[in-house]
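Side-chain atoms are counted along with the backbone in the values below, which use heavy atoms only and exclude waters and symmetry mates. Given the structure is predicted, the values throughout are model-derived calculations rather than measurements.
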Amino acid sequence: MLRKINSIKIIAGLTATLAMTGCEKLIDIPAPVTEISSARVFTSDKLALSALSGAFSSTFGSQTLAVNLTSITSLVSDDMSFLANTNYDEFTKNTYAPGSSTSAVSNLNGIWIDLYAGIYRFNSNIEGAAESTALTDAVKQRVIAESKFMRAYCYFYLVNLYGEVPLILETDVSKTALAPKNSIAAINTQIITDLQEARDRLPADYSASPGFRTSVTRWAASALLARIYLYNKQWALAEQEASKVIDDAGALYAMTPAAALENTFLKASAEAIFQFGPYLSITSGYTYEGSTFVSNTSQYSLTEDLAGIFDVTDARRTKWIKDTTFSGVLNHQSYKYRLVSIAAATAAGKQEAPTALRLAEQYLIRAEARLNQQKLPEARADLNVVRVRANTAGSVATAENVLRLEIEDENRREFFNEYGHRWMDLRRTGRINTVLGAKKSTWQARAAYFPLPQAAVDANPNLIQNPDYN
């Protein structure tokens with residue numbers, strides 16, 4: 001797992017890494033070439049948009065969003081194993097501890113570091129654009145709306161991976177260095193507020209990123225809102241926001257057919273609602289996930305448990321999983337992203353892009369939301385959109401409990417090894433102890449939330465370690 005260091009001065013109490021010296025309150029992280037001096041950044045539209053672009057590229061290029069969010073959450077759930085050695089046993093056995101000095105826990109701490117670094121960048125953009133008198137209204141609105149979307153995106157993962165965390169909405173270190181945790185409810189309220197405000201100000205198309213789907217649209221805000229409402233059990237609102245994406249976006253989105261399922265994660269795929277820029281540069285054409293999970297020497301394998309849940313006709317089993325071997329051991333490679341280098345992308349005549357939000361999720365969100373409002377026929381119809389497009393038989397379930405498990409299983413088949421879906425689905429539905437407890441002898445209930453980085457706790461007396469990790 002690559003450790004790509006990003007950009008700014010960050011509050012030590014929040015993002016302290018494995019080493020702290022003396023009484024330092026800040027960590028200096030080398031600035032990327034895309035970063036512009038804050039004294040100049042909001043003096044023109046061009047510089048402000050450059051700052052926004054730099055914040056996106058630095059956040060997307062972090063180790064967390066490039067690969068670790070996916071790999072770690074797959075390892076800690078029941079979807080992936082690591083074949084080469086025992087370096088990541090703390091993930092697969094869920095025995096991670098805050099004081100551990102292993103590479104596994106270092107990478108786990110990196111999630112906290114990278115997400116708060118992103119939040120700092122987007123807070124800076126929001127403050128700078130709001131205070132500027134030099135920007136046009138259109139640019140000011142875009143910078144603030146896209147930054148609020150990304151702040152919400154980062155907090156979504158923080159609150160669902162760590163539970164209660166500090167809610168930081170400004171860049172003044174004197175006010176935030178010793179921030180305590182905020183409640184999950186308070187953080188979710190802020191996420192919803194940010195997304196609602198962003199949604200109402202964002203465009204309905206990708207004119208800001210022609211040929212790509214890397215700019216934020218109102219549909220992306222609705223898609224993430226639908227997910228948040230689902231997690232909060234606000235079923236009617238989840239259905240409402242998912243329906244906006246499915247029904248109101250016109251011909252902008254479409255499910256990738258089974259015969260072309262390998263194209264789901266291509267740049268500007270019709271199924272993509274929001275994509276990150278490809279690894280290294282916008283024209284590289286491959287992703288870090290592809291170069292990590294797909295090669296003759298890949299050490300990651302999807303579990304037999306996961307590989308065995310697909311019907312024989314399911315196109316996802318043949319299109320998204322590649323069976324090979326590693327040191328003579330069967331390896332089920334995650335094959336959603338296939339391109340491993342610029343040369344591979346050039347040879348294939350294709351470009352892939354990390355896809356953070358896509359249409360299939362909105363159908364499954366709406367299915368679950370409708371199920372919880374006793375709209376069983378409508379829920380089954382949404383579920384079957386995803387099942388039938390994968391070339392599997394549609395559900396005929398009429399019992400609520402059966403349909404509920406079918407939706408859970410379909411989420412696993414559809415979103416394995418994608419940005420933590422399986423891990424967070426098990427936790428949010430309250431089934432994590434039952435499911436993982438039956439599969440892992442080392443499972444402990446405390447593992448459902450990650451420990452906070454111990455260095456961050458040590459640096460901030462108001463920051464309390466998560467329960468049962470002390």
>> Let's go through Asp409 and Ile309 carefully: what are the C-alpha distance in whole Å and the side-chain angles of both, what is the deciding distance for side-chain contact (heavy atoms from CB on, under 4.5 Å) to 0.1 Å, and is it a yes or a no?
In response: CA-CA 8 Å; Asp409 288 343; Ile309 69 170; 5.6 Å; no
> Would you call Arg366 and Glu361 a salt bridge, taking side-chain N to carboxylate O under 4.0 Å as the test?
Replying inline: no
>> To the closest 0.5 Å, what do you measure between CG (Leu364) and CD (Glu406)?
In response: 12.0 Å
>> Would you say Thr70 and Glu418 are linked by a side-chain donor-acceptor pair, where the criterion is simply a distance under 3.5 Å?
In response: no
> Just by distance, do the side chain of Ser291 and the backbone of Tyr288 share a donor-acceptor pair under 3.5 Å?
Replying inline: yes
> Do Arg358 and Thr264 meet the criterion of a side-chain donor-acceptor pair at a distance under 3.5 Å?
Replying inline: no
> Do Arg413 and Asp311 sit within salt-bridge range, that is, some charged N less than 4.0 Å from a carboxylate O?
Replying inline: no
> Which is it for Arg213 and Tyr253 under the side-chain contact (heavy atoms from CB on, under 4.5 Å) test, yes or no, and what are the steps along the way?
Replying inline: CA-CA 11 Å; Arg213 295 197 167 190; Tyr253 305 115; 3.2 Å; yes
>> Does Gln362 form a side-chain contact (heavy atoms from CB on, under 4.5 Å) with Arg227? I'd like the steps, not just the answer.
In response: CA-CA 8 Å; Gln362 298 305 301; Arg227 188 193 293 179; 5.8 Å; no
> Hey, does the side chain of Thr303 reach the backbone of Leu306 with a donor-acceptor pair shorter than 3.5 angstrom?
Replying inline: yes
>> Counting the benzene-type ring for Trp, do Tyr337 and Phe293 have ring centres under 6.0 Å apart?
In response: no
> Can the positive tip of Arg151 be found less than 6.0 Å from the middle of the six-membered ring of Phe122, inside 45° of the ring normal?
Replying inline: no
>> Would you say that Ser301 contacts Gln333 through its side chain, given a criterion of any heavy-atom pair below 4.5 Å between the two side chains?
In response: no
>> The test is side-chain contact (heavy atoms from CB on, under 4.5 Å); show your working for Ser269 and Thr256 and say whether it passes.
In response: CA-CA 8 Å; Ser269 159; Thr256 309; 4.1 Å; yes
> Which of these passes salt bridge (charged side-chain N to carboxylate O under 4.0 Å, His left out) with Glu414: Arg317, Arg387, Arg389, Lys336?
Replying inline: Arg389
> Can you tell me if Asp79 and Ser74 form a side-chain donor-acceptor pair at under 3.5 Å?
Replying inline: no
>> Main chain of Leu230, side chain of Glu368: is a donor-acceptor contact present, judged purely on distance under 3.5 Å?
In response: no
> Do the side chains of Thr292 and Val340 get nearer than 4.5 Å, heavy atoms only?
Replying inline: no
> Can any side-chain N or O of Thr214 pair as donor or acceptor with the backbone N or O of Gly277 at less than 3.5 Å?
Replying inline: no
> Is any NZ, NE, NH1 or NH2 atom of the basic residue among Arg428 and Asp425 found under 4.0 Å from an Asp or Glu carboxylate oxygen of the other?
Replying inline: yes
> Which atoms form the tightest heavy-atom contact between Leu108 and Pro451, and what is the distance?
Replying inline: CD2-CD, 4.0 Å
> Taking the six-membered ring of Phe416 as reference, does the NZ or CZ atom of Arg422 fall below 6.0 Å from its centre and within a 45° cone about the axis?
Replying inline: no
> Would you say the side-chain atoms of Ser395 pair up with the backbone N or O of Leu403, donor to acceptor, closer than 3.5 Å?
Replying inline: no
>> Which label fits Phe276 and Phe60: parallel for a plane angle under 30°, tilted from 30 to 60°, or perpendicular past 60°?
In response: parallel
> Would Lys319 and Glu262 count as a salt bridge (Lys or Arg N to Asp or Glu O under 4.0 Å) if you check the C-alpha gap in whole Å, the side-chain angles of each, and the deciding distance to 0.1 Å?
Replying inline: CA-CA 6 Å; Lys319 301 275 190 176; Glu262 68 275 14; 2.9 Å; yes
>> Would you compute the distance between atom CD1 of Ile126 and atom CD of Glu146 and round it to the nearest 0.5 angstrom?
In response: 11.5 Å
> Is the shortest heavy-atom distance from the side chain of Asp382 to the side chain of Glu239 under 4.5 Å?
Replying inline: no
> Are the aromatic ring centres of Phe149 and Phe274 under 6.0 angstrom apart?
Replying inline: yes
>> Let me confirm one number: the OG-CD1 distance from Ser222 to Ile273, rounded to the nearest 0.5 Å.
In response: 9.5 Å
>> With rounding to the nearest 0.5 angstrom, report the CG to OG distance, Leu52 to Ser147.
In response: 5.0 Å
>> How long is the straight-line distance from CG of Leu436 back to OG of Ser441, given to the nearest 0.5 Å?
In response: 12.0 Å
> Under the 3.5 angstrom rule, does the side chain of Thr346 hit a backbone N or O of Ile342 as a donor-acceptor pair?
Replying inline: yes
>> Looking at Cys154, is its backbone amide N or carbonyl O close enough to the side chain of Tyr116 to form a donor-acceptor pair, meaning the two atoms are under 3.5 Å apart?
In response: no
> Does NZ or CZ of Lys267 fall inside the cone over Phe212's six-membered ring, less than 6.0 Å from its centre and within 45° of the axis?
Replying inline: yes
> Between Tyr88 and Asn107, is any pair of side-chain heavy atoms under 4.5 Å apart?
Replying inline: yes
> Where do Asp205 and Ser207 land on the side chain to side chain donor-acceptor pair (under 3.5 Å) test, with the steps shown first?
Replying inline: CA-CA 6 Å; Asp205 58 31; Ser207 56; 2.8 Å; yes
>> For the aromatic rings, using the six-membered ring if either is Trp, is the centroid distance between Tyr449 and Tyr162 under 6.0 Å?
In response: no
>> Main chain of Ala97, side chain of Ser100: is a donor-acceptor contact present, judged purely on distance under 3.5 Å?
In response: no
> Going by heavy atoms in the side chains, are Trp443 and Lys93 under 4.5 Å from each other?
Replying inline: no
> Are Lys148 and Tyr153 in a cation-pi contact, defined as NZ or CZ under 6.0 Å from the six-membered ring centre and within 45° of the axis?
Replying inline: no
> Under 6.0 Å between the ring centres of Trp423 and Phe415?
Replying inline: no
>> Applying side chain to side chain donor-acceptor pair (under 3.5 Å) to Asn331 and Lys322, what does each step give before you reach the verdict?
In response: CA-CA 8 Å; Asn331 181 351; Lys322 179 181 178 182; over 6 Å; no
> Should we count NZ of Lys440 as having more than 12 external heavy atoms under 6.0 Å?
Replying inline: yes
> So which of Phe326, Tyr300, Phe91 actually passes ring-ring contact (aromatic ring centres under 6.0 Å, His included) with Phe82?
Replying inline: Tyr300
> What's the verdict on side chain to side chain donor-acceptor pair (under 3.5 Å) for Gln190 and Asp194, showing C-alpha distance, side-chain angles and the deciding distance?
Replying inline: CA-CA 6 Å; Gln190 183 62 50; Asp194 277 350; 3.0 Å; yes
> Less than 4.5 Å apart, any side-chain heavy atom of Glu241 and any of Gln196?
Replying inline: no
>> side chain to side chain donor-acceptor pair (under 3.5 Å), that's the test. Do Thr102 and Glu90 meet it? Break it down for me.
In response: CA-CA 9 Å; Thr102 62; Glu90 284 170 285; 2.4 Å; yes
> Do the side chain of Thr355 and the main chain of Ala353 share a donor and acceptor less than 3.5 angstrom apart?
Replying inline: yes
> Trp320 and Phe265: ring-ring contact (aromatic ring centres under 6.0 Å, His included), yes or no, with the steps?
Replying inline: CA-CA 11 Å; Trp320 289 353; Phe265 303 94; 5.6 Å; yes
> Backbone N or O of Thr59 within a donor-acceptor pair of the Ser62 side chain at under 3.5 Å?
Replying inline: yes
> Taking the side chain as C-beta and beyond, is there a heavy-atom pair between Asn188 and Tyr155 under 4.5 Å?
Replying inline: no
>> What's the separation between atom CG in Leu135 and atom CD in Gln141, rounded to the nearest 0.5 Å?
In response: 12.5 Å
> Is there a side-chain contact between Ile191 and Leu225, using heavy atoms and a 4.5 Å cut-off?
Replying inline: no
